[in-house]
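Working notes, beginning with the structure itself.
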Amino acid sequence: MSDVVEKTLSALPSLLSLDSQAGAGKLSPSSKLGNLIKGITELTSKHEEEKLIKKELESIKEQVASPNTTMRQMKEIMVRAIYCEMLGYQASFSYIHAIKLAQQGSVLEKRVGYLAVSLFLNETDEFLLLLVNTVLKDLQSTNLIEVCMALTVVSQMFPKDMIPAILPVVEEKLTHPKEIIRRKAVLALYKFYLIAPNQVQHIHSKFRKALCDKDPGVMTASLHIYLQLIKENPESYKDLTGSMVTILRQVVGGKLPLDFNYHSVPAPWLQIQLLRILAYLGKEDQGTSEMMYDVLEESLRRAEMNHNITYAILFECVKTIYTVHPKSQLLEKAAECIGNFVLSPKINLKYLGLKALTYVVQQDANLALPHQMTIIECLDHSDVIIKRETLELLFRITNAQNVTVIVEKMLEFLRLTCDDYSTIDLVGKVAELAEKYAPDNVWFIQTMNSVFSLGGDVMQPDIPNNFLRLLAEGVDNVEDRQLRLFAVDSYVSLLQGVTAKLPQRFLQVISWVLGEYSYLREEESDPGSVMRLLARLLDQRHTSTETRSWVLGAMTKLCSSPVSVALARDVCERYSGSLNTVLRQKAQELMILSQDTKLRARVLPAEGRLESLEVDSSLSFLDGYVSEALAAGAAPYKSPHQRQEDLVQEKALSLEPYGLSLPVSLSSCSITDRLTDRRSPTLLSMSSGLSGNSTELSHQEGSTTLKLEGVKRVWGKDGYLAQQQSAGETPTPLVELPNPLLSPQSPPSQTQKPSSGLEPDQEKRQLASSLFVGLGSHNSVCLMGRAETAPRHFRRKPRGESSSGASEGSSNSSHSSRSAAVDNLLLSNLLDSTTVASEGGAATTTTPQQTSQRTLDHTTSNGNPHVEGTEQRVEAGGPLSLIRGNGMVAVVPPTHTQTDPQTQQDLHPAPALERPRDLPLASHLPAELSGLARSEFTPLCSDQDSSLALSACRVYKEDALVLLVFISNNNDSALHQMVLQLTCKELEISCISGSPLKEVKGHSVSVCLHTVVMKRASVQVELAGLLSYQRPLGQPQAAQFSLSLSLKHFLRPLTVSTGDYGKMWLSFSHDLKQNLRLVTTEHQEPLTATLDALKGKLHLHVVDIIGSEGIVACRLLQGPGQWIWSVVAGCGQWRLVVVSGGWL
Amino acid sequence: MRFLLLFSRQGKLRLQKWFTPIPEREKKKITRDMTTMVLARKPRSCNFLHWKDLKIVYKRYASLYFCCGLDAEENELLALEMLHRYVELLDKYFGNVCELDIIFNFEKAYFILDEFLLGGEVQETSKLVVARSVEASDMLQEKQRLMEIILLFPLFFSCYHGGIHEQACILTLGEMDLHTPEGIWTITDLEVLLLYRTMEL
């Protein structure tokens, strides 16, 4: 009895406090935390709060330092410290005590200790090292709670370097009898995989075991790992498709315990995880996709209940269906499903509907058509997020016809938004659309003006750069002049107004354009007007220093008339004393150039400023200086890689990633962590997987030309393309339109729409027709080739030869895509090497067909009608290539300046001489060379009456390149006093045919043999030849010819073992990386196909194929250089890494 | 998931969990941006936002905002349901949870979160049955400690009572009350022990 009374009495205080404050009731009233919280809520000002917390922290500090504090008190103190941290006050002194608490406390205290640690510390914190032992101890504890806590903290944060210390123990837990431990262990390993993937490579088999665990929770946990693995490398996990499909079928079918239901939907998190995995597995893989159609359909069907979670599943399902290899029936159902989202009154679902549409219109723009009205409504939605998403959708369906409306809508949004991030994003998109689809000059300039003034100083710097390049690139034809003139005019009028609000970037663009092109309007206005405007801009307070230097630069270009010179002098006086050195320099330049007209004309020629800018990127003019410095004892230059390697070697961590234990050699973990990515191609493949993802994204957002190649075109207007082809054969495609709703041009069809039960008003309908124009099925042609419909003028020009080569290579010459790809591969990767690039272009490695295509392309785009006639093309090639090859306005790499003439010369003689001559020439091959690989016979030159013809042939000997020159005398009379001279400064040429030839008899062929060695590696060398001869009774005559040799002729396979390769990989000092597309053939894996092609075309030795990585090696004839390449697979992207020793 | 924030209508932070390492300054900036962005939203607008390259999903429960940041490929609706699930768990634990519960017992809210989400991934979607794994032997010695253990993981107790799997058996803090579908049972220490043993079966 007394017991009961006692109990009641002891319960009273808490009951009382329950009454007074509901929430605090669960806390002991005397609790210090309770007091603290109450104290803070009573305060009114931030200042008071600061004071209170400061006091609190001091008392905490005192308490933790006191030796008398028990762990129990410490636990309470920690909670208070957490609270203070949450309010934003540092309590760093308590971190160490949190660790101590986790170490020494009993279970309860430990838990708070671990919590405090996980909240206070970051992964990189050094304090965490102190935790390792505690974690290790707890992992080995017999108390399951302690094990659980340790695993929890490990999966939240753990120092990367210390993983090996606890990995075996965590691994052990995978076989623990309790499922909760197994589950947490799997999640801990997932965390390890995320922070250091190579450290858990060796336990992949255990992941499989976890996947087959009898507990669904453990299995779900293992899917996190698999999602990550499959995302990075779907190819290696195709065999799991069956299991994943089975699991999903079981989940959807409700086979899991009811515990896993969430609002009576079976394990939604698990379902979505599986759907994502299936999407990665089935992407661009018909066979795998076919396995999952049934289960996808079932998921769609089962997810019927009207609840958020089922919509989440549906959304994921639709995404998967549109990602895997298409099946028309499923696509229809998925499209229907999107309709449910878009038409839903719930705003969240509408948002997701728009998102889903944005995703699917990339495959088939017509899917947006049934939802026109909803889209229009969303465009004016009160919620900016919905608006923003709608614009995103519109961006994807933009074409040349609806661009003005869509851009107008985007600008409208931009004027209202104040979020920097979305401004940057949207401004970039507007600029892209304007460049791609602009209907005319005026619109383009006006749109870009809005872009600059709205984007302000936050936008990406490449927008103004691209714009200026676009202005500068055009040839001086009428259209370009108009564009420039219009730009100048509009800027002049802008400057005449209030300039205070214009962003600095815009002002810089304005001053550059005015400086460059004001001369175009000179005739109609007085010469000093622009100068005066610029001077006014210069004086304004809001103009930044950087802008001022741009303005001064512009003035320097403009000061031609006496009025301007006077003005310039005035300006100079003011700025030559400026504190800013850049301004001062610019002012000095202006001063001198304005006075010396001759010098000015030389430095800044009025016309064609861009064409002839040569930059010596090898910095050869510094050679003298360098050698002097070296002689004086300076250390030789080392590339960053070399330096890094030395650093690593100093740390004595030179384990080679390419040891014998490949491909698992990377398990030695702590070392690889510190290695740079170059040292281990396998690591690199991980990182490129990541970057591959982003490039894939940008591919989707990129220009249409890119998109067309990147995305496999499997969906057409009627769904799957295979069907469409058969449908396309019917002669009247317009009549056979199955659905009248698909044609936006016919207004009556819109009223029939199911969505428009209430009459859509006229305005909206108009907007709809202007927005969705060009999306009808009869317009699908222009959808496919948007770039073609866009005015050529605004097409983004290729930045360099490499990109154009790559894109055109695949689009133009489909039948020779294999060889073209290889050529591009060589081409594009070599071009980036600075030393090589400075020595010559490499365009000859492209097929002639491509080149001519490009030339044609270009001439037409410039409006020059002459297409036929090789002579003309040779002439046109020079200047044109100068303009085309230039990547940027200001700095012009000289790489491609020689490109085109060379190609033309290659191309030129081809039609003049007939092919069949090959055969007779072959019989003249010296016997010792006849068995070797050789090139085709290249005609070099011939007489007008073809009495004398020269041909060349390369024979690839194992140790040399032999150049044969065939001299065919087709005349009756013999040739005398023949001297053949071959000269080239990059090559060493020696004649090996014994005594030089003196004469050739009538109707016979003579051969001169030369061995050719490269003195310095260069991509392309031009060999000049001169043959002088004399006919009887004739004057001495001479025939000139030229022959180009490419680097690939000098390459030979380098037979090395994988181990040697690894050593070379480490010892070689230069590398460059290049993304490329792999050759795809029907019969082979892309990687194998590429390697085969490399082997065939470039004489490379395929060393080994390790997983998704192929390594090849080659050497240069007689040169010191060896060259190893590796082709690395990433996620959807392939990367070529070239490492070279010696000379590259 | 990148982070989860709980804050009040006044923008006062109630709970923060960062699933990826983020520098302190960035955390403060994110918190500030989230509160201003989310609090500025009008009622009946959608629950999704963008912040830099992250997707933000938020939901208001009474006076408290739950807000999480997602990577680009994650599913917004699912995140919304995840928030809801968390609120359900809190509700079960505290019994009709209110903001004050979370203010005063934030560490418990963290414990629940840690059992629900691990490293930003949903760890367990079934009814959480963690406590079954509690090793009995060394615990039974100390009654007080046992009590604490039960109080520590109350959420994760499932009670096998008379062989029937009861749903949502939850012990509240401070009192020895067991919430079952049939009502609240007050149990004695002995019963706790019995309960404990049954669970170990």
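Values below: every heavy atom of this structure, side chains too, minus hydrogens, waters and symmetry copies. Residue numbering restarts at 1 for every chain, and letters A, B, ... go by the order of the sequence lines.
The residues Glu76(A) and Arg72(A) are annotated as not salt-bridged, no charged nitrogen and carboxylate oxygen being separated by less than 4.0 angstrom. Between Glu26(B) and Lys29(B) there is no salt bridge, since no side-chain N of the basic residue sits under 4.0 Å from a carboxylate O of the acidic one. A salt bridge links Lys17(B) and Asp114(B); the closest N-O separation between the charged side-chain nitrogens and carboxylate oxygens is under 4.0 Å.
If you measure heavy-atom distances from Tyr351(A) to chain B, the contacts under 4.5 Å come from the side chain alone. The contact between Arg44(B) and chain A is made entirely by backbone atoms, counting heavy-atom distances below 4.5 Å. Both the backbone and the side chain of Val112(A) come within less than 4.5 Å of a heavy atom of chain B. Contacts of Ile102(B) with chain A are absent, with no heavy-atom separation under 4.5 Å from either backbone or side chain. Neither the backbone nor the side chain of Lys350(A) comes within contact range of chain B; no heavy atom of the residue lies under 4.5 Å from a heavy atom of that chain. Both the backbone and the side chain of Tyr83(A) come within contact range of chain B, with heavy atoms under 4.5 Å apart. Contacts between Met82(B) and chain A at a heavy-atom distance below 4.5 Å involve backbone atoms as well as side-chain atoms. The part of Leu80(B) that comes within reach of chain A is its side chain, from C-beta onward, which places non-hydrogen atoms under 4.5 angstrom from that chain.
For the set Asp420(A), Leu36(A), Ile424(A), Ile385(A), the entry with the most heavy-atom pairs within less than 4.5 Å of chain B is Ile385(A). Ranked by heavy-atom pairs shorter than 4.5 Å toward chain A, the options Glu99(B), Gln16(B), Glu76(B), Lys52(B) are led by Lys52(B). Counting heavy-atom pairs closer than 4.5 Å to chain B, the top residue among Leu187(A), Asn348(A), Asn122(A) is Asn348(A). For the options Trp18(B), Phe106(B), Trp51(B), heavy-atom pairs under 4.5 Å to chain A are most numerous at Phe106(B). Heavy-atom pairs under 4.5 Å with chain B were tallied for Ala312(A), Ser422(A), Pro177(A); the largest tally goes to Ala312(A). For chain B, the option among Gln273(A), Gln90(A), His263(A), Met78(A) with the highest count of heavy-atom pairs below 4.5 Å is His263(A). Among the candidates Arg41(B), Arg14(B), Glu73(B), Glu24(B), the residue making the largest number of heavy-atom pairs closer than 4.5 Å to chain A is Arg41(B).
Ring geometry for Tyr86(B) against Phe66(B) counts as perpendicular: the plane angle is over 60°, on a 0 to 90° scale with 30° as the lower cut.
Around atom NZ of Lys12(B), no more than 12 heavy atoms belonging to other residues, nucleotides or ligands sit under 6.0 Å away.
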Walk me through it: do Leu87(A) and Leu13(B) pass the test side-chain contact (heavy atoms from CB on, under 4.5 Å)? CA-CA 7 Å; Leu87(A) 290 178; Leu13(B) 197 59; over 6 Å; no
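Taking the centre and axis of the six-membered ring of Phe111(B), the NZ or CZ atom of Arg111(A) falls inside the cone set by 45° and 6.0 Å.
Under a 3.5 Å cut-off, the side chain of Glu389(A) and the backbone N or O of Lys355(A) do not form any donor-acceptor pair.
In this structure, the side chains of Tyr262(A) and Ile309(A) come closer than 4.5 Å at one or more pairs of heavy atoms. Side-chain contact between His381(A) and Ser45(B): absent, with no pair of heavy atoms (C-beta onward) separated by less than 4.5 Å.
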